[in-house]
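The structure under discussion appears below in the form of structure tokens.
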There are 2 protein chains.
Amino acid sequence: MRTRRQATLASLAAELGVSRTTVSNAYNRPDQLSPELRHRVLETARKLGYPGPDPVARSLRTRKAGAIGLLLTENLSYAFRDPAALGVLEGLALACEDAGVGVQLLPARPGTSDVAGVHRAGVDGFVVYSVPDDDPHLLAVLQRPVPTVIIDQPVLPEIDRVGPDDAAAITTLAYHLIELGHREIGVLCMRLSRERRDGFVSLARQREAHYHVQRTRLIALAEAFETVGVDWSTVPVVERFEHTLDDGASAARQLLDANPQVTALICTSDILALGALAEAQRRSLRVPADLTVTGFDGIDAAEHAGLTTVSQSVREKGRSAGELLLDPTRRTNAGPPSAQVITLETELWTGKTSAPPRTAEQHWFGP
Amino acid sequence: MRTRRQATLASLAAELGVSRTTVSNAYNRPDQLSPELRHRVLETARKLGYPGPDPVARSLRTRKAGAIGLLLTENLSYAFRDPAALGVLEGLALACEDAGVGVQLLPARPGTSDVAGVHRAGVDGFVVYSVPDDDPHLLAVLQRPVPTVIIDQPVLPEIDRVGPDDAAAITTLAYHLIELGHREIGVLCMRLSRERRDGFVSLARQREAHYHVQRTRLIALAEAFETVGVDWSTVPVVERFEHTLDDGASAARQLLDANPQVTALICTSDILALGALAEAQRRSLRVPADLTVTGFDGIDAAEHAGLTTVSQSVREKGRSAGELLLDPTRRTNAGPPSAQVITLETELWTGKTSAPPRTAEQHWFGP
DNA sequence: GTAGGGAACGTTAACGGTTCAGAAGACCAT
DNA sequence: ATGGTCTTCTGAACCGTTAACGTTCCCTAC
């Protein structure tokens, strides 16, 4: 320990009068040398303070780093507070733990286009989650000659992808509301670009959103409601850059202040929806009698609150991504294996926060 | 991309008819070569599909991996659900992000003594959090010739440590209860060893607990209460292996069933305390009138619930550890810098869950 | 005319391992 | 004596880069 970095495999071999190969074998292939010699090697190593083969040198030679990189350009503080992101992280970590590889959180500050962190990461593959389509870090990852799995991102040629069918999932939710009779709706969504732009969202901005998931959901919602005669250009959509309960509440406030006629608030995440519920309570709006509120994700808190939402197993998402990346049966034969696209199940949870609108109720069930 | 791993710095150099150094400089020291040549190098690289210098080879040469390892032998599923652990992770990640280095979650399955993951990790240092004193992974980390910072672990010679003064902190809490008049207390604590052993804890087991934090708190509590004449051997202590609200509730139930005379429940974590509150409610015990409950950590949920607890900034804990590990002003000159021990502030939050016991109240304020 | 100095690029020597094809010797059967 | 098979260990070739100096060349100043 004193002698910083003195003992090396070669010096140990010299000390013992054996070859480097033998020392290496003592650590990696005990069956390749006699037990006595092996014991002698290990003993001398201890005496000399040799800590065992250097991991980096080994990685260089074996071309295995024993870790995968996770790209997450969301502000870390929020990522660690967002149950959905945590679920993905947990699932991924579990899959990696099973395979004995580490998970490296890449250093990638949200606003920055400094991708050195991606270039410097000694990893065997990447998982990319929740980044805008045009993120420079994502581009840098795709440049690297290692397998990559993207989660909740647009399908890319030759790149594995894991995620739910967002369009189908939210369409189911939309029809749930349509059948209840809602036509005056409002939407609360998460950030649509890397720049903060809180407030009402133009149609063009919806179409050009850089976050795949948000864009997909908005477009699918528009399609569903236009089918039943709603003019989407009149539907208020409010965006929030941050993703907290408070932001959900303030977005709901902004939307309802300007559009009191709205009977249903569709939120693209449970967090936003739970925030909206809080705002509804503050306004003394009864849910679902006066206002229907829906979420997306199916986090524990949503279930607890009885929120109507679309549930997806975020843990499964992370786990699938990890297993896909680490699956040894792939990447074996030459040539890139055809990219795999895994579509995860979603389920509509009909909770206590959705009901027919007051007018529709009267229309349908009234005298 | 097709030609898996063909282009290398050397082949590029050959193709261009320049030296390897020049190619290397094109990437790492643009000022060391003419802009034209640099452009030509980068252009040819693009054409040949050379993805830039290999991170592992670079790490070997520069002796910098650009990442630190985080050892967390807690079951990952629980670590990612525990607000305290998440706070540490967040603080650490932020500090590392600022420094442009990654955080690698080491593969270390809780029960296992397979420390290969620790040996194989190419990292510049380690942070160890929440592991038992005798964890084989911790031992393996200490073997590695890289700087290490331990959090909430017993002080080790020559090893940096970050953490609160647990003994002092909980002693303050103890005297708060003592001054309120509590003498019949019970304790709920987290796991004391790697083996699951839910239930009442013997005195010996308290003394021999392998989790530093738990042991320290128990011992400090014992000292404080013995000072005022309480015979600690009569104080019921209930242990739970898992760390959830439900476990807190069941521990409280177990303790109160056997010891109905208890007037105060001291919990070594907020999660356990919040669970205990739920159990108190189920029993129709009024808190704090019938039962005082205290926690430890000061997580958001505790503040929200008005819990009497000791608050510590877990985020600061992670951040300090990261900064300590990455501080470039240390490790410069030869010789190991004397180990640093950073003691973080704690604060007693007197919430709405602590009050004088019924009997004492009568005794002190009654007629 | 030459000393001095910087810009631009090259040479050499690690960095610390793993791997594969043997070599040397021992043991055994023919 | 021959050949075959094990076991045990070695030699040399990589893995892909960067650090520390050198070298060359051109330009300027005195």
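Chain identifiers are assigned alphabetically (A, B, ...) following the order of the sequence lines, protein sequences preceding nucleic acid strands; residue numbering begins at 1 within each chain.
We find that CZ of R58(B) is positioned 18 Å from C1' of dG16(C), with the value rounded to whole Å. Atom CG in L60(B) sits roughly 9 Å away from atom C1' in dC15(D) (whole-Å rounding). D54(B) places its CG atom 18 Å from the P atom of dC14(D), with the value rounded to the nearest Å. Counting to the nearest Å, the P atom of dG17(C) and the CZ atom of R120(B) are 13 Å from each other.
Residues V162(B) and E323(B) fail the side-chain proximity criterion, which asks for heavy atoms closer than 4.5 Å. You'll find the side chain of R20(B) stays beyond 4.5 Å of the side chain of V23(B), heavy atoms only.
Looking at R109(A) and E97(B), no side-chain N of the basic residue comes within less than 4.0 Å of a carboxylate O on the acidic one, giving no salt bridge. A salt bridge is absent between E43(B) and R40(B); no separation between the charged side-chain nitrogens and carboxylate oxygens falls under 4.0 Å.
Between H137(A) and the options V131(A), L71(A), D114(A), L142(A), a side chain to side chain contact (heavy atoms under 4.5 Å, CB included) holds for only L71(A).
Taking side-chain N and O atoms only, R29(A) has a distance below 4.0 Å to OP1 or OP2 of dT19(C). Phosphate contact (OP1/OP2 of dC15(C), side-chain N/O of R63(B), threshold under 4.0 Å): absent. Phosphate contact (OP1/OP2 of dT17(D), side-chain N/O of Y50(B), threshold under 4.0 Å): present. The side chain of T8(A) places no N or O atom within less than 4.0 Å of a non-bridging phosphate oxygen (OP1 or OP2) of dC15(C).
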Readout for nucleotides 6-14 of chain C: B = base within 4.0 Å of protein heavy atom, S = sugar-phosphate only, - = neither; 5' to 3' it is --SBBB-BB

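In this model, a donor atom of one side chain and an acceptor atom of the other lie less than 3.5 Å apart for S19(A) and T22(A).
Among the nucleotides dG17(C), dT17(D), dC15(D), the one closest to any side-chain atom of L9(A) is dG17(C).
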